[in-house]
Amino acid sequence: MSRERVLDAALDLVDQVGVSGLSMRRLGAALGVEAMTIYYYVPNKDAVLDGLVERIMTRAFVVSPHPDWRRLIRDFAVSFRRELLAHPGVVQLVATRPVTTPDAMRMLEAIVVILREAGFGLREAFHVVNTVAMFTTGQCLAEVDPPGSPPPKLPDMDPSDFPNALAAIHAGLGTPEDHESRFHYALNALIRGLSPDNPPQP
């Protein structure tokens, strides 16, 4: 038993039942131990939730030896999205819970160091990370359905009222391939707009 094993089991459980279905008792059952045993490794449920955010964030980021900052940001966004789509149960959690654990903060610090070396100011470097993370999380919120949610239904529409919308749907709008294309389209535009020479305006 270890903190890592507890968090891995919690991630698997949340993928099945969602964050709302996560309890220390259910987590203990998944691990084959009493719930009280878990408290030797994580102090409470909040620590488990923080650990899940850490798990997703740290898996999504690896610093290469002399990275170009744009490549770094792109690789982070692509890996972050891949981790979120692999674990749809935690997407809403990641969207609403701040990064607080030491390992997740070390990841954030590593990105900021590289951005500052590229010429971004201190706060602007954090703005870049937050902007890319929020964009990616928002994209994933539109792509996944939480565990247990009913399938979405398209509204009845008169084709003559919405010809472009219906044509786009028939052409693949909203499909997994379309989400992939939309993500990279927006990410390219976002990265082009980020620059250490373009400080934020009040």
Side-chain angles (χ1 to χ4, degrees), residues 11 14-15 18 52-99 104 106-121 123-147 149 151-155 162-201:
L11 191 57
V14 168
D15 283 342
L52 292 179
V53 175
E54 170 198 305
R55 258 306 191 251
I56 296 298
M57 297 295 288
T58 55
R59 286 180 177 179
F61 179 68
V62 177
V63 180
S64 56
H66 300 286
D68 171 76
W69 71 265
R70 290 182 178 86
R71 172 53 59 185
L72 174 83
I73 290 298
R74 181 182 302 280
D75 289 348
F76 168 65
V78 171
S79 297
F80 189 29
R81 175 172 174 265
R82 183 174 59 245
E83 288 296 325
L84 289 173
L85 294 182
H87 302 287
V90 300
V91 176
Q92 290 185 334
L93 178 68
V94 172
T96 57
R97 201 169 188 90
V99 171
R106 274 189 283 271
M107 178 221 68
L108 181 60
E109 186 74 14
I111 299 177
V112 168
V113 166
I114 293 168
L115 291 173
R116 296 209 67 195
E117 289 174 350
F120 286 92
R123 287 199 302 164
E124 286 71 36
F126 280 93
H127 291 340
V128 170
V129 179
N130 288 332
T131 298
V132 173
M134 286 189 293
F135 156 70
T136 305
T137 306
Q139 167 77 20
C140 291
L141 283 169
E143 289 191 66
V144 304
D145 298 314
S149 62
K153 293 182 179 179
L154 289 175
F162 308 101
N164 290 304
L166 288 174
I169 291 171
H170 288 304
L173 184 71
T175 62
E177 294 77 14
D178 177 60
H179 282 301
E180 180 83 12
S181 174
R182 186 188 312 176
F183 169 74
H184 288 286
Y185 179 86
L187 181 61
N188 288 339
L190 180 61
I191 292 176
R192 283 197 302 268
L194 297 171
S195 171
D197 301 320
N198 185 27
Q201 299 298 316

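Along the sequence shown, residues are numbered consecutively beginning with 1.
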Shortest non-hydrogen contact between [X] and [Y], atoms and distance:
X    : Y    : result
C140 : R81  : SG-CG, 3.7 Å
T137 : V91  : CG2-O, 4.0 Å
P196 : A118 : CG-O, 3.5 Å
L115 : A125 : CD1-O, 3.4 Å
M107 : T58  : SD-N, 4.2 Å
A86  : D15  : O-OD2, 4.0 Å

Which distance, rounded to the nearest 0.5 Å, do you find between the [atom1] of [X] and the [atom2] of [Y]?
X    : Y    : atom1 : atom2 : value
I191 : T131 : CD1   : OG1   : 12.0 Å
L194 : H127 : CG    : NE2   : 11.5 Å
L93  : I56  : CG    : CD1   : 9.0 Å
E177 : T175 : CD    : OG1   : 4.5 Å
F162 : I169 : CZ    : CD1   : 10.5 Å
I111 : R106 : CD1   : CZ    : 14.0 Å

Is the shortest heavy-atom distance from the side chain of [X] to the side chain of [Y] under 4.5 Å?
X    : Y    : answer
R116 : W69  : no
T136 : F183 : yes
L85  : H179 : no
E180 : H184 : yes
L108 : F126 : yes
V94  : F80  : yes
L190 : I73  : no
Q92  : L141 : yes

- [ ] Without swapping roles, check the side chain of E83 against the backbone of R55 for a donor-acceptor pair under 3.5 Å.
- [x] no
TODO: For side-chain contact (heavy atoms from CB on, under 4.5 Å), just list the numbers for V144 and H87, CA-CA rounded to whole Å, side-chain angles, deciding distance to a tenth of an Å, and then say yes or no.
DONE: CA-CA 9 Å; V144 304; H87 302 287; over 6 Å; no
